[in-house]
Amino acid sequence: RASKIAAGRRSTNARRSCDKHSPHALELYCLDDKSPICIMCRDYGDHIGHKTELLTLISQVNTRSVENFISTLSGHSKKLYKACQDAQTAVT
């Protein structure tokens, strides 16, 4: 599973260019509009005055959040599986 996640990260690491300012990479995340933006969008475009953060930081935070959620679900799944096995044993 870890190798699939790493492979997915490698494939998305290629920098995407801004649709409005094509030579500029999408390096920021607009917290107000919840979208990736470039520096030109922040300084001169539709996102002037908006709160922004580095896109890589937002990505890392969201990745950790998803990994924690998956871990929690996995734990619940194991407990549910064990409870089903115990119930089946009690019935037979």
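Residues take their numbers from the sequence shown, with the count starting at 1.
- Every residue was checked against the side chain to side chain donor-acceptor pair (under 3.5 Å) condition with Lys51, not counting sequence neighbours, and none meets it.
- Tyr44 belongs to a hydrophobic cluster whose remaining members, ordered by chain and number, are Met40; membership requires side-chain heavy atoms of ILVMFWY residues under 4.5 Å apart, directly or through intermediates.
- The side chain to side chain donor-acceptor pair (under 3.5 Å) test applied to Gln88 returns no partner, not counting sequence neighbours.
- Applying the 4.5 Å side-chain rule to ILVMFWY residues, one finds Leu73 in the same cluster as Phe69.
- Applying the salt bridge (charged side-chain N to carboxylate O under 4.0 Å, His left out) definition to pairs two or more places apart or across chains, those involving residues 75-91 are Lys82-Asp86.
- The salt bridge (charged side-chain N to carboxylate O under 4.0 Å, His left out) analysis of residues 36-46, with sequence neighbours excluded, yields the pairs Lys20-Asp46.
- Taking the side chain as every heavy atom from C-beta outward, Cys18 and Cys41 approach each other to under 4.5 Å.
- Taking the side-chain contact (heavy atoms from CB on, under 4.5 Å) definition, one finds that Asp33 meets it with Cys30, Ser35, His47, His50, sequence neighbours left out.
- Annotation: Asp32, atom CG; neighbour count of heavy atoms from other residues, nucleotides and ligands within 6.0 Å is above 12.
- Counting only heavy atoms from C-beta outward, the side chains of Thr52 and Leu31 never approach each other to under 4.5 Å.
- Residues Ile39 and Ile37 share a hydrophobic cluster, clusters being chains of Ile/Leu/Val/Met/Phe/Trp/Tyr side chains in contact below 4.5 Å.
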Donor-acceptor pairs under 3.5 Å, side chain of residues 53-61 to any protein atom, not counting sequence neighbours: which ones?
none

